[in-house]
Amino acid sequence: MKVTVFGCGYLGATHAACLAELGHEVLGVDVDEAKVAGLQNGDLPFYEPGLPDVLRRNLAAGRLQFTTDYDRAAAFADVHFLGVGTPQKKGEYAADLRHVYAVIDELAPRLCGDHLIIGKSTVPVGTSEELKRRARSASGDGAEINIAWNPEFLREGHAVDDTLRPDRIVLGIDSSDSAGSAEAQVRDLYSAILATGTPFLVTDLATAELVKVSANAFLATKISFINAISEVCEASGADVSMLADAIGFDDRIGRRFLNAGLGFGGGCLPKDIRAFMARAGELGADQALTFLREVDSINMRRRTAMVELTTEVCGNTLLGKNIAVLGAAFKPESDDVRDSPALNVAGQLQLKGAAVSVFDPKAIDNSRKVFPTLTYADSVHEACRQADAVLVLTEWTEFVHMDPAALRPLVRNMNVIDGRRCLDAGAWRRAGWSYSSLGGPVRDLRGYVASRV
Ligand code: UGA
């Protein structure tokens with residue numbers, strides 16, 4: 001099938017490349033000329049394992065192209081995906097929908113005949129109904145535009161796999177689409193995925209929009225739940241990682257997303273829970289989501305707690321201290337530093353007078369743009385030179401498997417602080433380090449090492 005994908009950021013570029021991988025003819029559309037030129041040359045503007053291969057293979061096969069030209073896009077296909085960003089509005093909790101509206105306002109007047117626009121962006125419930133009105137009033141007499149919603153659940157760092165082998169596909173369709181033509185088109189598009197038995201749920205538009213934000217709100221709540229428990233563990237001397245293993249064996253609870261530590265960041269969970277609260281308020285259901293305020297504040301408190309723990313380990317002052325910060329990305333296997341807990345902590349430590357040296361395997365260039373005044377190192381060893389404390393704030397495999405003995409001669413004081421509870425505490429202690437962890441103690445009972453899933 002021929003399809004366009006509007007928005008070539010994280011979501012759009014991945015979706016376009018993966019649709020081409022499924023055998024479709026795809027045109028990616030973005031207003032950013034530099035981004036489009038790069039993608040057309042096979043260059044991704046972000047780090048995502050496996051995606052460059054998919055991109056280049058499909059460019060070479062001629063199934064994938066990129067453009068800034070809306071006229072070309074309107075004529076290219078009659079199925080269009082909408083994958084532009086919906087960031088948080090400045091100074092408000094609500095989502096900023098200007099990019100979503102801009103695509104509809106530009107595209108609709110150019111369409112002739114029957115077209116299906118399928119939203120993938122994370123939007124407040126009710127947006128697709130608004131887009132339907134907008135598209136229909138902006139289009140000419142010869143156009144029939146239908147809107148459907150197919151939320152995206154991909155995780156950064158696993159984007160290709162999550163797109164080609166999703167847990168489920170959700171499709172919200174317009175109640176007036178009685179012939180089910182949107183459903184038939186989407187079934188055709190994803191036929192290779194559906195053939196593997198992937199659950200396919202057809203809903204109304206509002207439910208599909210809500211599924212996405214509810215999923216992210218649940219994940220954020222799960223992380224903040226374990227981090228709240230970790231505050232009690234800190235106060236009582238219990239080990240939250242063992243506790244997570246123990247409660248996680250209950251299938252009803254599950255172990256995933258129960259890793260206590262520095263909490264969640266990135267371009268999705270923080271802004272999505274805030275936009276969800278804002279939208280519930282507009283709908284008169286604000287009480288329903290007041291708990292998300294607590295989820296948000298538990299999460300933000302982890303960053304302050306990390307700064308306090310570091311200060312304490314450094315003898316209650318950061319002045320004149322050298323701090324090595326390992327990790328800047330909001331999570332491993334990503335170069336994304338949007339609302340990164342690691343970078344936030346690095347910035348706070350510097351403001352409190354520490355000399356901070358940051359190393360991340362992939363996110364240094366992006367970090368420099370956000371925090372140009374921090375010092376950036378080219379390696380773990382360089383960051384740790386003369387350090388009074390070594391902080392692990394993003395659990396890159398490279399950090400999890402560091403050799404504590406090899407770092408020993410580099411540092412000024414042998415303090416390691418595990419912000420993600422990902423290190424082998426026993427191994428660090430045996431190598432002579434003073435090991436501390438955010439979220440209370442890590443017990444080294446009978447060699448037990450808690451899992452991280
Ligand atoms: C998240 C969702 O997981 C995806 O399903 C969704 O599609 C995506 O948002 C989106 O809305 O586009 P992502 O932002 O890539 O994906 O990252 P996650 O893997 O969810 O991690 C989010 C944050 O939570 C990271 O900072 C991570 O370090 C933190 N985290 C995760 C924890 O602190 N503890 C955990 O147990 C798990």
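Each ligand, and each atom within it, is numbered from 1 in the order the structure gives.
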Check if [X] has a non-hydrogen atom at a distance under 4.0 Å from any atom of ligand 1.
{"X": "Lys212", "value": "yes"}
{"X": "Cys268", "value": "yes"}
{"X": "Gly261", "value": "no"}

Please report the C-alpha distance between Asp360 and Trp396 in whole Å, then the side-chain angles of each, then the deciding distance to 0.1 Å, and finally whether the side-chain hydrogen bond (donor to acceptor under 3.5 Å, both in side chains) criterion is met.
-> CA-CA 8 Å; Asp360 187 284; Trp396 285 95; 3.0 Å; yes
Within 6.0 Å of [atom1] in [X], more than 12 heavy atoms from elsewhere:
{"X": "Lys222", "atom1": "NZ", "result": "yes"}
{"X": "Phe291", "atom1": "CZ", "result": "yes"}
{"X": "Phe200", "atom1": "CZ", "result": "yes"}

Could you tell me whether some N/O pair between [X] and ligand 1 is separated by less than 3.5 angstrom?
{"X": "Leu219", "result": "no"}
{"X": "Asn259", "result": "yes"}
{"X": "Phe330", "result": "yes"}

Could you tell me if the ring centre of Tyr70 sits under 6.0 Å from that of Phe6?
->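 Ring-ring flag for Tyr70/Phe6: true, centres closer than 6.0 Å.
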Who's the nearest protein heavy-atom neighbour of [atom], and how far?
{"atom": "atom 30 (N) of ligand 1", "answer": "Ile223 CD1, 3.5 Å"}
{"atom": "atom 5 (O) of ligand 1", "answer": "Phe153 O, 2.9 Å"}
{"atom": "atom 24 (O) of ligand 1", "answer": "Phe264 CB, 3.1 Å"}
{"atom": "atom 1 (C) of ligand 1", "answer": "Leu269 CD2, 4.0 Å"}
{"atom": "atom 20 (O) of ligand 1", "answer": "Phe257 CZ, 3.3 Å"}

Using heavy-atom distances only, which candidate in [options] approaches [atom] most closely?
{"atom": "atom 11 (O) of ligand 1", "options": "Thr122, Asp162, Asn216", "value": "Asn216"}
{"atom": "atom 15 (O) of ligand 1", "options": "His158, Glu156, Arg421", "value": "Glu156"}
{"atom": "atom 17 (O) of ligand 1", "options": "Lys331, Arg155, Lys271", "value": "Lys331"}
{"atom": "atom 4 (C) of ligand 1", "options": "Val213, Leu154, Asp272", "value": "Leu154"}

Looking at [Y] and [X], is there a salt bridge between them, counting it only when a charged N and a carboxylate O are closer than 4.0 Å?
{"X": "Arg303", "Y": "Glu308", "value": "no"}
{"X": "Arg155", "Y": "Asp161", "value": "no"}
{"X": "Asp239", "Y": "Arg421", "value": "yes"}
{"X": "Glu21", "Y": "Arg57", "value": "yes"}
{"X": "Glu234", "Y": "Arg302", "value": "yes"}

Taking 4.0 angstrom as the limit and counting only heavy atoms of [X], give me the atoms of ligand 1 inside it, by number and element.
{"X": "Gly263", "value": "26 (O), 29 (C), 33 (O)"}
{"X": "Arg420", "value": "28 (O), 33 (O)"}
{"X": "Glu152", "value": "7 (O)"}
{"X": "Leu258", "value": "36 (O)"}

Fit a plane to each ring of Phe46 and Tyr10, take the angle between them on a 0 to 90° scale, and name the class: parallel (under 30°), tilted (30 to 60°) or perpendicular (over 60°).
->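 Phe46 and Tyr10: parallel rings.
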List the atom of Asn146, the atom of Ala182, and the distance in Å for their closest heavy-atom pair.
->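 That would be ND2-CB, 4.2 Å.
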